[in-house]
A.B. asks: 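The structure follows.
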Amino acid sequence: MLSQPFEKPLRVWVGLGFPRQLNSVVDAYQFVTDWCGNSPEQKAAIRACKAALTGDIDAETARAS
């Protein structure tokens, strides 16, 4: 499993507008599996993170999802 850092951190807003910074594919994977619902976008993000963790795609491609 590769913990690839993002070139630029990704900031998401959670709860009542609190920012959370995602610095790597592992951070993003934990976020989408812990905090989001069951939308098609979440499923795509999970697939992208898993692919990045196995080295099938790069971190920036996963970040874009």
Side-chain angles (χ1 to χ4, degrees):
M1 178 164 72
L2 304 171
S3 177
Q4 300 178 41
F6 295 139
E7 288 180 20
K8 181 179 175 186
L10 180 64
R11 181 172 282 186
V12 294
W13 302 94
V14 296
L16 298 172
F18 294 101
R20 179 168 172 188
Q21 185 167 302
L22 307 176
N23 298 307
S24 68
V25 173
V26 170
D27 290 346
Y29 180 75
Q30 289 174 339
F31 175 77
V32 297
T33 57
D34 291 345
W35 290 96
C36 297
N38 196 21
S39 69
E41 294 85 2
Q42 180 203 16
K43 291 177 183 178
I46 290 171
R47 283 192 303 273
C49 288
K50 284 182 179 179
L53 290 171
T54 60
D56 293 335
I57 63 172
D58 62 34
E60 294 310 305
T61 301
R63 182 183 184 276
S65 70

A.B. asks: Could you give the side-chain donor-acceptor pairs of residues 7-14 under 3.5 Å, partners two or more places apart or in another chain?
C.D. replies:
none

A.B. asks: Please report the shortest heavy-atom distance between Ala45 and Val32, naming the atom on each side.
C.D. replies: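 For Ala45 versus Val32, the nearest heavy atoms are CB-CG1, 3.9 Å.
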A.B. asks: Quick one: pull up OG in Ser65 and NZ in Lys43 and give me the separation to the nearest 0.5 Å.
C.D. replies: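 So the gap between those two atoms works out to 15.0 Å.
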A.B. asks: Would Ile57 end up clustered with Phe31 when hydrophobic side chains under 4.5 Å apart are linked, directly or stepwise?
C.D. replies: no
A.B. asks: Residues in side-chain contact (heavy atoms from CB on, under 4.5 Å) with Ala44, at least two apart?
C.D. replies: Arg47
A.B. asks: Which residue pairs satisfy the side-chain hydrogen bond (donor to acceptor under 3.5 Å, both in side chains) criterion with at least one member in residues 23-32, sequence neighbours excluded?
C.D. replies: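 side-chain hydrogen bond (donor to acceptor under 3.5 Å, both in side chains) check on residues 23-32 returns Gln21-Asn23.
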A.B. asks: Can you sort out the partners of Glu60 under side-chain hydrogen bond (donor to acceptor under 3.5 Å, both in side chains), two or more places apart, ordered by chain and number?
C.D. replies: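 For Glu60 there are no side-chain hydrogen bond (donor to acceptor under 3.5 Å, both in side chains) partners, ignoring immediate neighbours.
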A.B. asks: For Leu22 and Ala28, work out which heavy atoms get closest and say how close.
C.D. replies: CD1-CA, 4.0 Å
A.B. asks: Provide the closest heavy-atom pair for Pro5 versus Ala59 in the form atom of the first, atom of the second, distance.
C.D. replies: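 Where Pro5 meets Ala59 most closely, the heavy atoms are O-CB, 3.7 Å.
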